[in-house]
Amino acid sequence: MTMGDGTGRDTAIDDRPAIDPPAWFVEQANVSDPSVYDAFEAEWPECWDRAGELLDWDDPYDAVFRGDERPPFEWFPGGRLNASYNCIDRHLPERKNQLALIWEGPLGDATTYTYRELYREVNAVAAALRDHGVEADDVVTIYLPMVPELPILMLACVRLGVVHNVVFAGFSADALAERMERTGSELLVTCDGYYRRGSAVAQKNKADNARIAVDQDVSVVVVERLGLDVHLGDGYYDYEALRATHDGAEVDPVPRAADDTLFRIYTSGTTGEPKAVDHTTGGYLAHVAWTAQSVLDIKPGDTYWCSADIGWITGHSYIVYGPLSLGTTTVLYNGTPDHPEKDRLWELVERYAVDVFYTAPTAVRAFMKWGEEHPAGHDLSSLRLLGTVGEPIDERAWRWYREHIGGGECPVVDTWWQTETGAILVSTLPGVDGMKPGAAGKPLPGIETGVVDPAGEGVSEGEAGELVVTRPWPGMPDALRTGEDWGAAAARGEEWRYYPEDGATIDDDGYITVLGRVDDAINVAGRRFSTMELESAITGVTGIAEAAVVGADHETTGTALYAYVSAEDGYTEADLRERIAEAVTDAIGGVAKPEAVVFTPDLPKTRSGKVMRRLLAAVANDDPLGDISALRNPEIVGELQSATPDS
Ligand code: WTA
């Protein structure tokens with residue numbers, strides 16, 4: 001079986017037998033009956049009742065789905081519900097004294113909230129917001145790091161039917177202003193500052209600058225985290241004072257129609273401008289709850305930790321809404337994995353006896369680079385399931401994760417989804433499906449996807465194509481649901497389809513391997529290479545921790561491949577260089593051999609952990625760097641520039 005791009009490379013993944021989940025896992029799994037796939041198929045769309053049933057509705061829905069071949073689509077029409085009620089109130093009879101949130105700070109400080117305490121906080125803050133004049137459908141912007149006030153405010157907003165717009169705390173003032181201006185949001189909640197890697201970040205200064213930059217009048221509520229003596233001028237309010245005034249208040253959760261907006265989140269679109277994605281109250285929450293249950297196998301009473309930041313969709317869906325709607329204990333960590341030491345996460349897994357851990361492949365590769373002694377020093381036996389999200393995970397990192405974090409026993413779910421999909425669409429059900437390291441898995445029950453060529457026809461097994469979602473799903477965003485955004489499908493004049501703009505292959509078992517964004521493809525000498533394909537060849541070399549490949553202008557080939565790599569300790573560059581060339585030649589062909597291999601201690605990454613390839617391409621081409629405010633490690637840029645040879 002070969003790739004369809006003429007490289008003649010074996011895809012290999014489909015030749016390998018799947019790794020079955022261990023019997024002890026299957027026995028306790030939320031979903032363990034393989035007939036779930038057929039059952040969903042036979043009863044689509046009514047099958048999604050199974051997700052709707054996980055929630056409490058004020059008014060029951062008239063139907064699970066209403067719609068035809070094309071938009072508009074409606075999920076759970078007629079139903080009314082409140083997300084705050086579903087995440088808090090309904091758990092009180094059984095688990096008021098169970099922890100809802102565990103917050104762990106950067107300096108070893110920690111706070112916990114039981115469901116009862118969370119109820120009290122959320123009600124007080126909701127009362128304060130209501131008093132401030134905020135009403136259903138208003139948009140409140142929240143610009144906070146990973147502190148307990150962040151989920152508390154989100155839940156307070158949705159209690160009132162107010163739409164929250166969380167802006168990642170690491171974004172610049174300009175990025176914040178742009179997102180506020182686009183939503184017309186008139187209330188901003190931020191904090192005085194917070195600690196990051198041991199130093200204080202002056203968050204309020206950034207908020208002040210954004211406030212000045214936008215056209216609308218903005219009130220600002222300031223959460224005091226650092227005890228900085230910040231000045232609260234006109235239009236500024238102290239969070240604690242507002243909360244204390246309303247302590248003990250109770251606010252009735254406002255019932256919302258299933259397709260009313262729950263929140264807005266901005267993501268990067270193809271135009272490079274931030275794109276607003278609105279998620280619905282009913283469809284989104286049902287989809288998130290169902291996937292948290294079936295894929296992440298979360299049970300009420302579990303201690304569950306997703307190490308993402310709430311500022312991104314992963315945190316919205318699988319730190320806040322998924323786990324809390326299921327009545328679990330969700331861990332919030334405001335800190336970095338290597339501060340104060342490289343075993344920080346494992347210390348926390350041990351201390352809190354975490355059952356399920358969900359992180360990004362980039363983090364796994366960092367753990368791998370730091371060495372297995374860090375997890376080995378801790379008792380990680382509480383872990384039952386591991387997950388990854390956000391980018392493809394190569395087989396080596398997958399195996400390392402399972403071996404050194406999962407004790408060689410835990411199933412690993414590689415979950416594919418996006419800001420736009422709201423919740424997981426492609427993965428394995430850990431209590432049902434075999435796992436193929438490197439492949440995400442199949443479309444989940446009730447989800448239909450395909451891998452197609454540019455003409456929209458399905459590709460043959462092992463051939464690279466574009467991933468498409470060919471049926472509506474409950475967590476779909478408003479613009480897709482209403483048809484406002486017909487997207488690429490309409491442009492191509494086809495039936496309704498959603499193009500996530502990811503390249504993929506599919507094997508004969510229907511397992512999908514995501515190759516990366518289609519816009520990450522590089523053409524060299526008339527051949528197209530997936531950066532992912534190149535990178536997985538390079539990271540397959542023992543001693544290479546991470547790699548990113550970009551195209552640089554080249555006299556003869558038009559484009560040359562530049563590989564930026566970081567090595568594990570104890571390997572020599574000369575040796576690795578040679579083996580990288582061999583590995584690429586072996587896997588893809590001599591034509592794909594990188595023109596330059598640049599060693600760097602770390603790759604440039606956004607705060608959500610994505611490698612900023614655009615920056616590497618700019619460095620390789622000696623172009624202006626553009627906006628690098630989203631960069632987590634800007635100090636690396638100078639090093640990259642001096643290490644990069646002239647093209
Ligand atoms: C990529 C994050 C491979 C993909 C939830 C997608 C993945 C983009 C995976 C969305 C995975 C996400 N395997 N690639 N398991 N999960 N991606 O919007 O390119 O921040 O389109 O959502 O991440 O990123 P976003």
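Whatever order the structure lists them in is the order used to number ligands and atoms, beginning at 1.
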Less than 4.0 Å is my threshold; does some heavy atom of Gly390 fall inside it relative to ligand 1?
yes

Salt-bridge criterion met for Glu391 and Arg365 (N-O under 4.0 Å):
yes

Quick one: sort the Trp305 and Tyr333 rings into parallel, tilted or perpendicular, breaks at 30° and 60°.
perpendicular

Contact check: Gln418 vs ligand 1, nitrogen or oxygen atoms, below 3.5 angstrom:
yes

Of Val320, Leu326, Leu324, Val158, the one forming a side-chain contact (heavy atoms from CB on, under 4.5 Å) with Cys87 is Leu324

Report yes if some N/O of Asp502 lies less than 3.5 Å from some N/O of ligand 1; otherwise report no.
yes

Quick check on Trp417 - does any of its heavy atoms sit under 4.0 Å from an atom of ligand 1?
yes

Should the pair Tyr284 and Phe263 be assigned to parallel (<30°), tilted (30 to 60°) or perpendicular (>60°) ring geometry?
perpendicular

contact_flag Lys610 ligand 1 heavy-atom lt 4.0 Å
yes

Evaluate the side-chain proximity of Met435 to Pro411: yes if any heavy-atom separation is below 4.5 Å, no if none is.
yes

The atoms of ligand 1 lying under 4.0 Å from a heavy atom of Val389, numbered in the order shown, are 5 (C)

Quick one: which ligand 1 atoms are inside 4.0 Å of a heavy atom on Asp414?
11 (C), 13 (N), 15 (N)

